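Just below is one structure, and these are the notes that go with it.
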Amino acid sequence: MRTISSKVVKKCITRPPPLLLSNTSLTSMASFNVPNQNPSSLIDDFTKFCCQRDLPRAMQALELMHTHRIWADCITYSELIKCCLARRAIEQGKRVHVHLFSNGHEPKAFLMNMLINMYVKFGLLKDARDLFDKMPERNVISWTTMISAYASAKLNDKALEFLVLMLREGVRPNMFTYSSVLRACDGLFNLRQLHCCIIKIGLDSDVFVRSALIDVYSRWGELENALRVFDEMMTGDLVVWNSIISGFAQNSEGDEALGLFKRMKRAGFLAKQPTLTSVLRACTGLALLELGRQVHVHVLKYDQDLILNNALLDMYCKCGSLEDANAVFVRMVEKDVISWSTMIAGLAQNGYSKEALKLFESMKVSGIRPSYITIVGVLFACSHAGLVEEGLYYFHSMKELFGIDPGREHYGCMIDLLGRAGRLREAVDLINEMECEPDAVTWRALLNACRVHQGVDVAIHAAKQILRLDPQDAGTYVLLSNIYANARRWNDAAEVRRAMDNRGIRKEPGCSWIEVNKQIHAFILGDKSHPQVSGINIRLNQLIHKLMGVGYVPDTNFVLQDLEGEQMQESLRYHSEKLALVFGLMSLPKGQTIRIRKNLRICGDCHLFAKLIAKMEQRIIIIRDPVRYHHFQDGFCSCGDFW
DNA sequence: ATAGGGTTAG
């Protein structure tokens, strides 16, 4: 006979008397299923199975113990609960719960906490809460488990409410509690209050709390505060580095994100998947293809990481290199809805709408269900290729085919689609029948649609709506004023200007970036600080002259076209993308693709200029604006002159 | 026994 630990014996003797006993162990009994067990060996077996994580046998033993009204020690039960959790065995977990409560008094607090945590992890928040309410003495762990559960379920009010209740009961929160509750902050006010408490009780040096603070400050756009929390860190921690880098990357502050990444490497930290994902995102935002390629080399170490591959796909698409994107896509063993959506939207944004729709068909064949975002990409593809009927079909059947209700973004694509097709009336009807309130982005789609077919009245209405919803939108003021000027409504035009001045709103100057020899060169309208500016201007004038010889006429009709704004006619020729383009011609070897990114949408004249240069100089030119991509080759653009 | 970082549109 095996020896039983004294702990186990002590637990047993408080229980009802055992039955008649044979000495056989459950292992040999399993096939006979005869419950005439010696309690000590039964508990022994149970303990053994639990430690071995042999859930079926452990449960079998548990049922026998239950019938015989025998209980084991707490440690063994905790092993069993862990085992249920690991196997996601919900029913078994519930049986353990029943068993633990069948012996007349409450299980120990730590077992109760484990059960609560188990229910939380199974997504059974209500069961967790019931158990929590039953506990006579809830400790910091019970509270934290519930708070963390509410925070993950995005029940932010509940999480914050529980923090208050907990304090009222006199239980002191620890770093676990704060790092959980921070994620439930639903406003800066809450965040600042929590941050105060955290500093006051000295928990701000905990790395978990620190990374949570950084995440939440970043989520609310308070990057200075995030950085302050980061810079107070003395010890150094990989996750905290990742938090701050992703904070900047997600707020479109790619430069800062990349700078921090360099600092991180200098500090001796090794970039893992989350780091690389954020760095890729920064490259995506800045259109840094070459840096992106270098990051790709490091990504190879995590060959089949889905999220990382998705980020890589997006980077290549947004940097205009669909060959690279496709190569990654084909090599991916696992593809999820994000992979497909990224690729579909990427093709569409680069002007390859037909390919995007073909890919959408393959996606359906592959059995991955399209999401809300997938359909945005599909409709975007239709609108940019003028595929009106296809677009209308997908729009009207998306609910039935994919179970997705059309949202703002879908309406935006459809307004764009109808507007381009000259069906402005229908676009207006559509905006009127939207179930959700149109936002500034929706109205901007309508305003943009007016550009193509000069719907002045609709444009004025749309612009007014945009300014009502987003009074800071400088571009719309300029555009509205230009529309009035063009309609000879001088007083209205002047009034828009005045409103703009009164509110202190200034138009962001046009800016273009180009990468040459691993250096980013920026060209800003009206800024002459680039060292080669005079050479560039001489070359630009030569080119314009040469083009005019073959029939190029600078397109000065940019009332509804030029989103770069209020430049005088002659400054058209100094639009930043022209300067960047000429600089590219001068500094990149013959035959190499010229890639330019700009902050505002390209104007009609620059678009024409790029097409002609592409032909005359035999270059592929890719210009990315905030919305889409223009691949110029041999006198044509992939956007088909719609953008 | 309780806590952390990453991907798609607009």
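When reading the values below, keep in mind they use all heavy atoms of this one structure, side chains included, and skip hydrogens, waters and symmetry mates. Here the structure is a predicted model, which means the values were calculated and not measured. A note on names: the letters A, B, ... follow the listed sequences, proteins ahead of strands, and every chain is numbered from 1.
- For the residue pair A:Asp206/A:Asn174, the side-chain donor-acceptor check at 3.5 Å is not satisfied.
- Read 5' to 3', the first and last nucleotides of DNA chain B with an atom closer than 4.0 Å to a heavy atom of chain A are B:dA1 to B:dG10.
- Residue-level contact check: A:Asn309 touches neither bases nor backbone, having no heavy atom under 4.0 Å from any strand.
- Using a 4.0 Å heavy-atom cutoff across all strands shown, A:Thr277 reaches at least one base atom of the nucleic acid.
- Annotation: side chain to side chain donor-acceptor pair (under 3.5 Å) contacts involving residues 345-366 of chain A, sequence neighbours excluded, comprise A:Asn350-A:His631, A:Glu361-A:Lys364, A:Glu361-A:Tyr394.
- Between A:Arg420 and A:Asp416, at least one side-chain nitrogen of the basic residue sits less than 4.0 Å from a carboxylate oxygen of the acidic one, meeting the salt-bridge criterion.
- Counting any heavy atom pair closer than 4.0 Å across all strands shown, A:Phe380 reaches sugar-phosphate atoms only and no base atom.
- Side-chain atoms of A:Asp625 and A:Asn599 include no donor-acceptor pair closer than 3.5 Å.
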Inset, instruction - Could you please spell out the steps behind the side-chain contact (heavy atoms from CB on, under 4.5 Å) verdict for A:Ile375 and A:His410? - result: CA-CA 7 Å; A:Ile375 309 296; A:His410 302 112; 3.6 Å; yes
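- Taking the charged nitrogens against the carboxylate oxygens, A:Asp473 and A:Arg444 do have a contact shorter than 4.0 Å, which makes a salt bridge.
- Residues forming a salt bridge (Lys or Arg N to Asp or Glu O under 4.0 Å) with A:Glu433 (at least two apart in sequence, or on another chain): none.
- No option in A:Leu163, A:Leu165, A:Val164 other than A:Leu165 meets the side-chain contact (heavy atoms from CB on, under 4.5 Å) test with A:Glu161.
- Here A:Arg210 lies out of heavy-atom contact (under 4.0 Å) with every strand.
- With no hydrogens or angles considered, a side-chain donor-acceptor pair links A:Thr374 and A:Ser371 at under 3.5 Å.
- Proximity of the aromatic rings of A:Phe360 and A:Trp340 is defined here by a centroid distance below 6.0 angstrom, and this criterion is not met.
- Within the nucleic acid shown, A:Asp206 comes within 4.0 Å of at least one base atom, counting heavy atoms only.
- Taking a 4.0 Å limit (strictly below) on heavy-atom distances, residues 314-325 of chain A reaches DNA chain B at A:Asp314, A:Lys318.
- Of the residues in residues 234-258 of chain A, A:Asp237, A:Leu238, A:Val239, A:Val240, A:Asn242, A:Ser243, A:Ser246, A:Gln250 come within less than 4.0 Å of DNA chain B through at least one heavy atom, sorted by number.
- Applying the side chain to side chain donor-acceptor pair (under 3.5 Å) rule to pairs touching residues 256-268 of chain A yields A:Asp231-A:Arg263, sequence neighbours excluded.
- In this structure, A:Arg408 reaches neither bases nor backbone, as no heavy-atom distance under 4.0 Å exists between it and the strands shown.
- Residue contacts shown for A:Val207 include a base, since a base heavy atom lies under 4.0 Å away.
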